Amino acid sequence: MVSLNENVSPWTVQQGEPCLISPAEKMEEELYYLSNLDQNLALLVRTIHCYNSGSLKGNDVNAPELLKGSLQKVLVRYYPLAGRLTISSDGKLSVNCNGEGALFVEAEANCSLEELGDIAAAPDASLLTKLVCDVPDSASILEMPLLMAQVTKFKCGGFVLGMSMNHCLCDGVAAMEFLSSWGEMARGLPLSVPPFLERTILKPRSPPKIVYDHIEFSELPSKTSEPREDLIYRSFSFSQDKLADLKRKASTDGRPNPSCTTFEALSALTWRARTLALHLRPDQETKLIFAVDGRSRINPPLPKGYFGNGIVLASSLCKAGELNNPLPFAVKLVQESVQKVTDDFIRSAIDYFEITRARPALTSTVIITSWTKLALHAVDFGWGKPASSWPVGLPEKEVIVYLPHGADRKGISVYLGLPASAMKTFQDLIEL
């Protein structure tokens, strides 16, 4: 994607010396509680936000300095992001709020933003990683900053803000509220959604009470060897018309089914296509895990601005051969799993981790998370909204992300990585 042509080397990025950005006010050091919904997600999520030169009012905006100054201010309100992970006395992750700071890097690219190409059509993760600050693979998660930002200037005058955040601190909703707050600080505005930082409202019950099987944590016996190849990344776009057609195919009578959501139909399709593309044995059990926002499903609902993970993992299970059935078979499994996510299910999931300390098992599993309702396109630091925003790679090879597509953002792009030998089959199976 990013190679300018076959005879020219890919663009390069020269990083400056990283610095630590601490909160503008000295914070009292404390041990910050992470809920059991946070414990399963200690992985880095990386995104880029591209700003064209036309939005920067010529050269009168020093983007790095503005971003550093406003980051210092917003970290006063979101102080856990300036700390470091530690292990609490009960053996779980918590945050040492020591104010050590977020990592910030300035960088320069040797090309224009235009030369990145269409990152949504051809997201080359191996090259886009140059736009985010990375840490050595050998680094312990307890040593990593919880927030890392890189500002890369391009020759055209535009720049890219590359973000890396630890998922155990926040889910997509909370991450976007943080970025929005950072933008408001940069523009000198009060926070429209102040963070609610008290996560003890999601403490386990005493005594814990498990009332569901929670197959999302179950290890499946492996009967199939997946291809040992490097992953290639692709995105597949669905317009509103294609999504409406998909929902018709997802019903048993070929007519739109108002009870079937776009997410349910698309998740059934992608689970089916990925499983069949990997040529799993027909008797191999395969699992779909997907994130459901529990903010309004828990009783009482989580407060507005809840800064943490409000998502819960739901799951469906069947044999790979059963996915050869018409699409409504998989749709029904997904719908049943969505309907299970009630207050009782969420409390049971919290208690399940308290007793077992189990994490989701990923053998023969696909994980789907939807970013279609996240305002990635609206991160405004004072020079307008980004021309484009996109995840950089995926945190696990099993992960598929749904992103908004089209000028009206009502379509959906399905972004995933697969071995090259499976990607063509997946493309054939996902085409409507």
Side-chain angles (χ1 to χ4, degrees), residues 30-43 45 80-81 83 85-97 141-142 146 165-175 177-178 195-219 287-317 334 336-362 365 367-370 395-396 398-399:
E30 67 177 42
L31 202 61
Y32 180 72
Y33 177 82
L34 297 179
S35 84
N36 286 354
L37 295 184
D38 302 313
Q39 299 293 324
N40 294 321
L41 299 163
L43 45 85
V45 177
L81 283 172
L85 288 178
T86 187
I87 304 297
S88 63
S89 58
D90 60 356
K92 294 195 287 189
L93 290 171
S94 60
V95 180
N96 178 13
C97 293
I141 196 165
L142 302 182
L146 296 170
M165 300 180 74
N166 196 306
H167 205 319
C168 70
L169 262 288
C170 52
D171 59 15
V173 172
E177 288 176 350
F178 164 73
F196 182 91
L197 298 174
E198 185 52 70
R199 303 189 190 202
T200 56
I201 60 174
L202 290 181
K203 274 195 167 182
R205 292 171 289 197
S206 181
K209 181 182 176 184
I210 300 172
V211 293
Y212 288 85
D213 291 337
H214 295 291
I215 59 174
E216 62 271 24
F217 298 100
S218 301
E219 184 69 59
K287 181 168 53 178
L288 167 67
I289 295 177
F290 53 93
V292 177
D293 188 356
R295 283 171 168 75
S296 62
R297 292 172 181 254
I298 201 163
N299 185 25
L302 294 181
K304 186 177 182 182
Y306 178 79
F307 184 65
N309 283 280
I311 59 171
V312 64
L313 301 179
S315 57
S316 302
L317 183 68
V334 176
E336 289 171 350
S337 299
V338 171
Q339 292 161 6
K340 275 186 186 176
V341 183
T342 60
D343 173 75
D344 208 28
F345 180 89
I346 297 170
R347 302 285 181 188
S348 178
I350 291 170
D351 292 351
Y352 186 93
F353 182 86
E354 188 66 18
I355 292 174
T356 66
R357 303 298 168 93
R359 287 178 166 79
L362 302 184
T365 295
I367 305 170
I368 294 177
T369 181
S370 178
E396 301 285 353
E398 295 84 4
V399 172

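Note that the structure is predicted; figures quoted are calculated from it, not measured. Atom set for the values below is all heavy atoms of this structure, side chains included, hydrogens, waters and symmetry mates excluded.
- With rounding to the nearest 0.5 angstrom, the CG atom of Asn309 is 5.0 Å from the CG atom of Leu41.
- In the displayed structure, Asp343 atom CG is contacted under 6.0 Å by more than 12 heavy atoms of other residues, nucleotides or ligands.
- In this structure, the separation between CD1 on Ile210 and CZ on Phe353 is 12.0 Å, given to the nearest 0.5 Å.
- One finds the CG atom of Asn40 at 10.5 Å from the SG atom of Cys168 (value rounded to the nearest 0.5 Å).
- Under the 3.5 Å distance criterion, the side-chain polar atoms of Asp171 are matched with a main-chain donor or acceptor of Gly310.
- Between the Asn36 side chain and the Ile350 main chain, a donor and an acceptor come within less than 3.5 Å of each other.
- A side-chain donor-acceptor contact under 3.5 Å links Gln39 to the backbone of Leu93.
- Under the 3.5 Å distance criterion, the side-chain polar atoms of Tyr32 are matched with a main-chain donor or acceptor of Leu197.
- Between Glu354 and Lys92 there is a salt bridge, with a side-chain nitrogen of the basic residue lying less than 4.0 Å from a carboxylate oxygen of the acidic one.
- Residue Leu169 comes nearest to Pro80 through the heavy atom pair CD1-CB, 3.9 Å, listed as atom of the first residue, atom of the second, then distance.
- With hydrogens and angles ignored, the 3.5 Å screen pairs a side-chain donor or acceptor of Asp293 with a backbone N or O of Arg295.
- Taking CD1 from Ile368 and CG from Leu313, the interatomic distance works out to 12.5 Å, rounded to the nearest 0.5 Å.
- Leu34 contributes atom CG, which lies 8.5 Å from atom OG of Ser88 (distance to the nearest 0.5 angstrom).
- The backbone N or O of Ala361 lies less than 3.5 Å from a partner atom in the side chain of Lys287, making a donor-acceptor pair.
- Distance alone, capped at 3.5 Å, is enough to place a donor-acceptor pair between the Ser337 side chain and the Ser315 backbone.
- Between Phe178 and Phe307, the ring planes lie tilted relative to each other; the angle falls in the 30° to 60° range.
- A donor-acceptor contact closer than 3.5 angstrom is absent between the side chains of Thr342 and Asp344.
- Checking side-chain atoms of Arg347 against main-chain N and O of Ile298 turns up no donor-acceptor pair under 3.5 Å.
- Closest non-hydrogen pair, Arg357 versus Asp90, comes out as NH1-O, 2.9 Å.
- Note: Asp351 CG to Arg205 CZ = 4.5 Å, rounded to the nearest 0.5 Å.
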